[in-house]
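Numbering starts at 1 and runs along the sequence shown. Only heavy atoms go into these numbers, but all of them, side chains included; no hydrogens, no water, no symmetry mates.
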Amino acid sequence: MSNQDAVFMAMALKLAEKGCYTTDPNPRVGCVLVKDEQLVAEGWHVKAGSAHAEINALNKIDNAKGTTAYVTLEPCSHQGKTAPCCDALITAGIDRVVVAMQDPNPLVAGRGLRKMQDAGIIVECGVLQQQAEALNKGYIKRMTTGLPFVRSKLAMSLDGRTAMASGESQWITSPQSRSDVQRLRAESSAILTGINTVLEDNPSLNARVGEQVTLAVRVILDSQLKMPSNSKMLELPGQIWVLTCSDDDQKITALEKTGYQVFQIREKDNKLDLQAVMFFLGEQQINNVLVEAGAILNGALLSEKLVDEWILYMAPCVLGDQGRGLFNLPDMQKMADKKQLNMTSVRQVGTDLKLTFETAK
């Protein structure tokens, strides 16, 4: 990898980031076209169903012959809602294509690279691959496992409390942390919570970022169909999915008439099977799930290792030993039962610390 390749691929990755709020269920992709070491055109994938990054870049120049294309993801080789991008690059007369990573989608998975090579194009893959993978964690995980990438957002005091004993929790963290959470919501395909959080807090679970956003599906885990007919969510646009293991047809019909979409998921120990929930979301082309829930659901997700990333905002305050904790883990009795997390980053947001962890394998 030359320094020049790294520089232009970094530009393409920056373009791909522009689609972070809008491309679901498609990946975020950027493309730059370079001729004689000069940038001549750029593009990114804006929205599912619209032109891909390579096409948006090609449309900005009259003659692409002799150029090098830098693309953050392998150009597609199959006919979907748009024509194959590798065909467009071949037809345009591109000399060389530099790709950050191979597409994990089985419909592509190296076929685009081979097709361009067979047409005489010089193809190189793996430039800034790690950065490209970080941009599309959800898409990659869904394509390779059938499951979405799951992150849980938590806020706590210095003494590890999420709320007072009464349940009062507004506001533990700073305005800057709350704005950061809005960006997490905007990046997500679905925002998931449990029925207890809905009944206690009546949250809206919408993203307020002041930019165009593909609305995340709001997903409520509600084993016994306690979902109220007057939640704040119904006042806002977007889909609300209620996942249940109840077979009460009367309650299901009533909720559907109110505006919810109700899906029945298999049960486990008289509760929703959380593994089945995640596979269901993957089947619905959900790439990224943001969990905003209480100690019971977070404890269950932690126990089953269903969360890939934990984002914890720690505020410089103390709520006391009567406050509510982060996780409900009643089966933990000794140190051997402890749950191990791996810290990946720490940064300050407003007056708070933002701690990011991965679940240990």
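Looking at Asp337, its side chain does come within 3.5 Å of a backbone N or O of Lys334 through a donor-acceptor pair. Proximity of a side-chain donor or acceptor of Arg111 to a complementary backbone N or O of Pro106 within less than 3.5 Å is detected. Put simply, the side chain of Gln176 never gets that close to the backbone of Thr351: no donor and acceptor are under 3.5 Å apart. Between the Asn328 side chain and the Ala295 main chain, no donor and acceptor come within less than 3.5 Å of each other. Between the side chain of Asn136 and the backbone N or O of Tyr139 there is no donor-acceptor pair closer than 3.5 Å. Between the Glu292 side chain and the Ser152 main chain, no donor and acceptor come within less than 3.5 Å of each other. In terms of modelled atom types and a separation under 3.5 Å, the side chain of Glu74 and the main chain of Gln102 share no donor-acceptor contact. In terms of modelled atom types and a separation under 3.5 Å, the side chain of Thr22 and the main chain of Val46 share a donor-acceptor contact. A donor-acceptor pair under 3.5 Å links the side-chain atoms of Asn63 to the main chain of Lys65, judged by distance alone. Under the 3.5 Å distance criterion, the side-chain polar atoms of Asp159 are matched with a main-chain donor or acceptor of Leu319.
Note on Val291: it clusters hydrophobically with Leu326, by side-chain heavy-atom contacts below 4.5 Å among ILVMFWY residues. The hydrophobic cluster containing Tyr70 also contains Trp44, counting ILVMFWY residues as joined when their side-chain heavy atoms lie under 4.5 angstrom apart, directly or transitively. Tracing side-chain contacts under 4.5 Å through hydrophobic residues (I, L, V, M, F, W, Y), one never reaches Ile252 starting from Leu272; they form parts of separate clusters. Linking ILVMFWY side-chain heavy atoms closer than 4.5 Å, directly or via other members, places Val99 and Ile122 in two distinct hydrophobic clusters. Taken together through direct or relayed side-chain contacts under 4.5 Å among Ile, Leu, Val, Met, Phe, Trp and Tyr, Leu225 and Ile220 form part of one hydrophobic cluster.
The pair Glu17-Lys14 meets the salt-bridge criterion, with a side-chain N (NZ, NE, NH1 or NH2) lying under 4.0 Å from an Asp/Glu carboxylate O. Looking at Arg324 and Glu200, a side-chain N of the basic residue comes within less than 4.0 Å of a carboxylate O on the acidic one, giving a salt bridge. Under 4.0 Å is where a charged nitrogen must lie from a carboxylate oxygen, and between Arg151 and Glu187 at least one such pair does. Look at Lys137 and Asp308 and you find no salt bridge, because none of the NZ, NE, NH1 or NH2 atoms lies under 4.0 Å from a carboxylate O. Electrostatic pairing of Lys115 and Asp87 counts as a salt bridge here, judged by a charged N lying under 4.0 Å from a carboxylate O.
Partner of Thr356 under the side-chain contact (heavy atoms from CB on, under 4.5 Å) criterion, out of Glu309, Met343, Arg347: Glu309 alone. Exactly one of Val127, Leu73, Leu128 qualifies for a side-chain contact (heavy atoms from CB on, under 4.5 Å) with Met101. That residue is Leu73.
Rounding to the nearest 0.5 Å places CD1 of Ile265 at 12.5 Å from CG of Asp222. Rounded to the nearest 0.5 Å, atoms CD (Glu124) and CD (Gln117) are 10.0 Å apart. One finds the CG atom of Leu302 at 6.5 Å from the OG1 atom of Thr359 (value rounded to the nearest 0.5 Å). Rounding to the nearest 0.5 Å gives a distance of 9.0 Å between CD1 of Ile140 and CG of Asp103. Atom-to-atom distance recorded for Arg185:CZ and Leu205:CG is 5.5 Å, nearest 0.5 angstrom. With values rounded to the nearest 0.5 angstrom, Leu301 atom CG is found 9.5 Å from Phe327 atom CZ.
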Subject >> Working for side chain to side chain contact (heavy atoms under 4.5 Å, CB included), residues Leu58 and Leu89 >> reply: CA-CA 8 Å; Leu58 288 170; Leu89 293 170; 4.1 Å; yes
**OP:** Evaluate the criterion side chain to side chain contact (heavy atoms under 4.5 Å, CB included) for residue pair Leu243 and Phe280; output intermediate values, then yes/no.
**Re:** CA-CA 10 Å; Leu243 307 191; Phe280 168 79; 3.7 Å; yes
Original post:
Hey, mind stepping through Tyr260 and Ser231 against side chain to side chain donor-acceptor pair (under 3.5 Å) and telling me if it holds?
Top reply: CA-CA 10 Å; Tyr260 301 109; Ser231 72; 2.9 Å; yes
Subject >> Candidate pair Leu281 and Leu192, rule side chain to side chain contact (heavy atoms under 4.5 Å, CB included), full reasoning >> reply: CA-CA 10 Å; Leu281 294 177; Leu192 182 147; 4.0 Å; yes
**OP:** Show the numbers, then the answer: is there a side chain to side chain donor-acceptor pair (under 3.5 Å) between Thr173 and Asp352?
**Re:** CA-CA 7 Å; Thr173 55; Asp352 309 322; 4.5 Å; no
Original post:
Are Thr23 and Thr214 close enough, and set up right, to give a side chain to side chain contact (heavy atoms under 4.5 Å, CB included), and what steps lead you there?
Top reply: CA-CA 7 Å; Thr23 63; Thr214 297; over 6 Å; no
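Judged by distance alone, the side chains of Asn287 and Ser189 never bring a donor and an acceptor atom under 3.5 Å apart.
Heavy-atom minimum distance, Cys245 versus Lys271: SG-C, 3.9 Å. Considering every non-hydrogen atom in both Tyr21 and Arg183, the closest pair reads OH-CG, 3.3 Å. In terms of heavy atoms, Thr244 sits closest to Gln224 at OG1-N, 4.3 Å. Nearest heavy-atom pair, Asp247 versus Gln264, reported as atom, atom and distance to 0.1 Å: CA-NE2, 3.4 Å. What you find for Ala155 and Leu312 is that their closest heavy atoms are N-CD1, 4.4 Å. In plain terms, the two heavy atoms of Leu15 and Cys31 that are nearest each other are CD1-O, 3.6 Å.
Around CG of Asp36, the count of heavy atoms belonging to other residues, nucleotides or ligands within 6.0 Å does not exceed 12. Atom NZ of Lys60 has more than 12 heavy atoms from other residues, nucleotides or ligands within 6.0 Å. Around the NZ atom of Lys226, the shell of radius 6.0 Å holds no more than 12 heavy atoms that belong to other residues, nucleotides or ligands. Under a cut-off of 6.0 angstrom, the local environment of CG in Leu306 is crowded, with over 12 non-hydrogen atoms contributed by other residues, nucleotides or ligands.
At least one side-chain heavy atom of Pro228 sits less than 4.5 Å from a side-chain heavy atom of Leu199.
Between Trp241 and Phe263, the ring-plane angle classifies as perpendicular under the 30° and 60° cut-offs. Aromatic ring orientation, His52 versus His45: perpendicular (interplanar angle above 60°, classes split at 30° and 60°).
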